[in-house]
Amino acid sequence: MTARIEITQDLAACYALRYRVFVQEQGVPESEELDAHDASATHLLATQNDAPIGTARIVFDGDLAKIGRVCVLPNLRGTGLGADLIRAALAIARDTPGIATVKLGAQIQALGFYEKLGFSATGPVYDDAGIDHRDMVLELA
């Protein structure tokens, strides 16, 4: 697949993708989908032929980078786009001085996906917006 993944200021496109995937498809309450971290996060947007097809965000906190709100349009899942978004986020984290650890909250069915990208599960299963998740970490050292 040929997609461009770039840091973006087009938050409307990111929010529209997240609304479609998280709110409409997965039933996440709209009130929980947007949060205070969006204003300070680094947002990634994947496009194909200038059309938004996937997004993710990175929230930096001290020596930690937290990847979240990762989503890909349903018809493009399984194409490698999700992995490309994570690799792009990891590259940004590695290029950010002082970042030692990357963390994310993975939906349980995606644990294997993130393990293949180098993440390790840690801690118990927890509910986030009605979906079981587990924290995962990757040390950048």
Side-chain angles (χ1 to χ4, degrees), residues 1-48 50-141:
M1 127 160 287
T2 306
R4 290 179 56 147
I5 299 173
E6 297 177 316
I7 294 174
T8 187
Q9 299 301 316
D10 187 356
L11 301 187
C14 296
Y15 296 162
L17 285 164
R18 288 166 41 183
Y19 183 86
R20 179 173 173 186
V21 171
F22 297 126
V23 177
Q24 292 181 327
E25 180 184 335
Q26 296 182 358
V28 171
E30 187 173 357
S31 61
E32 293 182 35
E33 206 294 301
L34 298 177
D35 65 22
H37 295 296
D38 281 314
S40 61
T42 298
H43 295 267
L44 299 176
L45 183 63
T47 58
Q48 186 174 45
D50 296 322
I53 57 174
T55 190
R57 76 175 188 190
I58 312 164
V59 175
F60 294 97
D61 183 17
D63 67 349
L64 178 71
K66 183 168 186 207
I67 299 173
R69 303 303 200 269
V70 180
C71 65
V72 171
L73 290 178
N75 61 316
L76 294 170
R77 293 181 193 146
T79 65
L81 178 59
D84 289 344
L85 275 164
I86 297 301
R87 283 191 283 270
L90 288 172
I92 291 166
R94 282 188 182 96
D95 290 344
T96 302
I99 299 298
T101 305
V102 180
K103 180 179 176 181
L104 56 82
Q107 293 183 7
I108 292 299
Q109 76 275 5
L111 289 176
F113 167 79
Y114 290 111
E115 286 170 344
K116 289 178 187 173
L117 292 165
F119 287 84
S120 299
T122 181
V125 173
Y126 60 92
D127 178 281
D128 185 4
I131 301 169
D132 283 343
H133 283 70
R134 191 155 180 217
D135 284 339
M136 301 193 81
V137 296
L138 186 151
E139 300 298 332
L140 294 181

Hey, what's the ring geometry for Y114 with F119, parallel, tilted or perpendicular (30° and 60° as the breaks)?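 Perpendicular, since the angle between the ring planes exceeds 60°.
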Does a side-chain heavy-atom distance below 4.5 Å link [X] with [Y]?
X   : Y   : answer
T55 : Y15 : no
L17 : L73 : yes
T96 : F60 : yes
V21 : Q26 : yes
R18 : L34 : yes
I92 : I58 : yes
Y19 : E33 : no
V70 : I86 : yes

Closest contact, heavy atoms only, [X] versus [Y]:
X    : Y    : value
A65  : I99  : CB-CG2, 3.9 Å
L44  : C14  : O-SG, 4.0 Å
K66  : G105 : CE-N, 4.4 Å
A106 : M136 : CB-SD, 3.7 Å

Spacing of [X] atom [atom1] and [Y] atom [atom2] [to the nearest 0.5 Å]:
X    : Y    : atom1 : atom2 : value
C71  : L81  : SG    : CG    : 9.5 Å
T122 : K103 : OG1   : NZ    : 8.0 Å
I131 : Q107 : CD1   : CD    : 4.5 Å
L117 : L138 : CG    : CG    : 9.0 Å
D132 : D128 : CG    : CG    : 10.0 Å
L45  : I53  : CG    : CD1   : 8.5 Å

Quick check: does any side chain N or O of [X] sit under 3.5 Å from a backbone N or O of [Y], one acting as donor and the other as acceptor?
X    : Y    : value
H43  : D38  : yes
D127 : G130 : yes
D10  : A13  : yes
T101 : L64  : no

Go through the steps to decide whether L104 and D135 satisfy the test side chain to side chain contact (heavy atoms under 4.5 Å, CB included), and finish with yes or no. CA-CA 6 Å; L104 56 82; D135 284 339; over 6 Å; no
Ion pair D35/R57, N-O distance below 4.0 Å: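 Looking at D35 and R57, the cut-off is met.
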Salt-bridged, D84 to R4, with N to O below 4.0 Å?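 Judged by the 4.0 Å cut-off on N to carboxylate O distance, D84 and R4 do not form a salt bridge.
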So with a 6.0 Å cut-off around CD of Q109, is the heavy-atom count from everything else above 12?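 Yes, because the 6.0 Å sphere around CD of Q109 holds more than 12 heavy atoms from other groups.
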How would you list, by chain and number, every residue that makes a salt bridge (Lys or Arg N to Asp or Glu O under 4.0 Å) with [X], sequence neighbours excluded?
X    : result
R134 : none
E25  : R77
D63  : none

